[in-house]
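Numbered from 1 within each chain, the chains take letters A, B, ... in sequence-line order. Predicted model, so just to flag it, every value in this text is computed and none were measured.
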Protein chains: 2
Amino acid sequence: MTLSQTQHPDPAHDHDHCVHTALTTAAHLCTARGVQLTPIRHQVLELIWESHKAVKAYELLDRIKPLKAAAKPATIYRALDFLISQGLIHRVESLNAFIGCRCSGRSHEQLLLICKHCQQVEERTPEIMLKALAKELQSAQFVAHSKAIEIHGICKQCADKA
Amino acid sequence: MTLSQTQHPDPAHDHDHCVHTALTTAAHLCTARGVQLTPIRHQVLELIWESHKAVKAYELLDRIKPLKAAAKPATIYRALDFLISQGLIHRVESLNAFIGCRCSGRSHEQLLLICKHCQQVEERTPEIMLKALAKELQSAQFVAHSKAIEIHGICKQCADKA
DNA sequence: TAAAAAGATGTTATGTTATAACATTAGCCT
DNA sequence: AGGCTAATGTTATAACATAACATCTTTTTA
Ligand SMILES: [Zn+2]
Ligand SMILES: [Zn+2]
Ligand SMILES: [Zn+2]
Ligand SMILES: [Zn+2]
């Protein structure tokens with residue numbers, strides 16, 4: 001499995017496979033860690049994985065209401081907090097939105113490529129760049145706790161179509 | 001002038017000089033570009049430069065009210081939009097906040113080091129890392145329009161104090 | 001097993017961030 | 001004056017996020 005350098009989500013790919021992998025991995029990780037992937041959390045994760053587009057919290061709220069009429073903002077934000085804490089999703093800071101993580105389990109720093117046209121987000125782990133960043137931080141004597149590296153632009157597929 | 005690799009803002013530095021440089025540079029650039037650094041825009045820029053901490057829009061609103069009682073959110077957001085469009089400030093995506101740019105005039109991509117302890121933000125332009133990023137984007141066949149590279153952690157000064 | 005503790009969710013309210021839409025004003029050109 | 005553009009004023013509301021406290025459920029442990 002060489003997911004670390006996959007292409008920007010190909011429209012023809014087997015997305016059911018993405019979803020299935022994400023959900024089973026999540027279940028296994030939570031079990032192994034002794035934390036609960038409760039029904040609410042599972043549903044939110046599933047909704048996030050409906051596509052490779054970043055999803056907003058209130059979109060999730062709207063989409064979960066048919067399943068869970070009593071859902072409120074806190075319902076969603078708590079589930080999101082949990083999923084982030086377990087590394088199952090990422091927050092896209094520059095969009096106030098969320099995407100499923102394709103590298104769950106391994107702790108990692110990621111580069112997010114956000115297409116302005118199709119809204120899909122590709123996650124990459126560019127070793128060389130991250131090494132260079134680490135070096136820069138060292139020379140700045142700055143101790144990093146978290147990193148947001150987000151690039152907005154146009155993906156290959158959308159560029160080809162135009 | 002070697003601002004491109006300055007340290008995380010030293011508490012003892014001559015900040016009046018920072019402010020003076022920023023405001024005069026802004027005035028010159030706007031004149032040269034035929035755009036107007038109006039009183040409101042100038043005031044907002046000045047307020048942003050009160051420190052090297054990132055400032056929130058509604059903080060600016062509160063701080064400008066003594067000077068301009070009629071100020072409303074749109075007043076601030078319009079000024080911020082203008083200052084960003086002219087490259088005089090940066091938006092810090094992961095904080096929903098704003099900082100003065102120390103490299104105004106040159107278009108540039110920047111790395112922001114955000115100290116959780118003192119809230120100060122250091123702007124750097126790490127050539128090697130940015131080259132590596134450009135290469136990665138090329139190999140992903142992704143055309144970048146804008147970049148947000150934001151690191152949260154603890155700066156040297158704060159680490160030393162602890 | 002009963003009590004206590006910890007974790008998860010329900011519920012209400014509110015705080016924070018940002019924009020839409022339309023009116024008005026100021027400066028400039030003809 | 002009349003018409004244009006850029007900037008600002010003004011009102012309203014949309015969009016994003018958390019606080020605080022109540023309740024329920026699961027696990028721990030006496
Ligand atoms: Zn997929
Ligand atoms: Zn695209
Ligand atoms: Zn300074
Ligand atoms: Zn600091």
| note | Nucleotide by nucleotide, nucleotides 13-20 of chain C touches protein heavy atoms under 4.0 Å in the pattern (B base, S sugar-phosphate only, - none) ----BBB-

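Taking atom CD1 of B/Ile76 as the reference point, atom C1' of D/dA7 lies 15 Å away to the nearest angstrom. With rounding to whole Å, A/Leu83 atom CG is found 12 Å from C/dA8 atom P. In this structure, A/Leu61 places its CG atom 13 Å from P of D/dA15, rounding to the nearest Å. In this structure, B/Lys72 atom NZ and C/dC22 atom C1' are separated by 15 Å, rounded to whole Å. As a whole-Å value, the separation of B/Leu37 CG from D/dA7 P is 11 Å. Across the protein-nucleic acid pair, A/Leu67 atom CG and C/dT9 atom C1' stand 17 Å apart, rounded to whole Å.
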Would you list the protein and nucleotides 24-26 of chain D atom pairs, both N or O, that sit under 3.5 Å from each other?
none

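Judged purely by distance below 3.5 Å, without hydrogens or angles, the side chains of A/Arg124 and A/Gln110 never pair a donor atom with an acceptor atom. Checked by atom type, the side-chain pair A/His15/A/His17 shows no donor-acceptor distance below 3.5 Å. Side chains of B/Gln36 and B/Arg41: a donor-acceptor N/O pair is absent below 3.5 angstrom, by distance only.
In summary, B/Arg102 and B/Glu123 do not engage in a salt bridge, as defined by a charged side-chain N under 4.0 Å from a carboxylate O.
The minimum heavy-atom distance linking B/Leu130 with B/Thr125 is given by the pair CD1-C, 4.2 Å.
To the nearest 0.5 Å, atom CG of residue A/Leu111 and atom CD of residue A/Glu150 are 9.5 Å apart.
Side-chain heavy-atom separations under 4.5 angstrom define the hydrophobic clusters, and B/Ile154 shares its cluster with no other residue.
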| request: Test salt bridge (Lys or Arg N to Asp or Glu O under 4.0 Å) on B/Glu127 and B/Lys131 and set out the steps. | output: CA-CA 6 Å; B/Glu127 299 301 343; B/Lys131 281 234 168 73; 5.3 Å; no

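For residues 39-46 of chain B, proximity to DNA chain D is found at B/Ile40, B/Arg41, defined as any non-hydrogen atom under 4.0 angstrom from a strand atom.
Here salt bridge (Lys or Arg N to Asp or Glu O under 4.0 Å) pairs that include residues 83-97 of chain B, with residues two or more places apart or in two chains, are B/Arg91-B/Glu93.
In terms of phosphate contacts, A/Lys68 brings a side-chain nitrogen or oxygen within less than 4.0 Å of OP1 or OP2 of C/dG10.
For A/Ser51, the side chain to side chain contact (heavy atoms under 4.5 Å, CB included) test picks out A/Lys53, with sequence neighbours left out.
For NE2 of B/His13, the number of neighbouring non-hydrogen atoms (other residues, nucleotides, ligands) closer than 6.0 Å is greater than 12.
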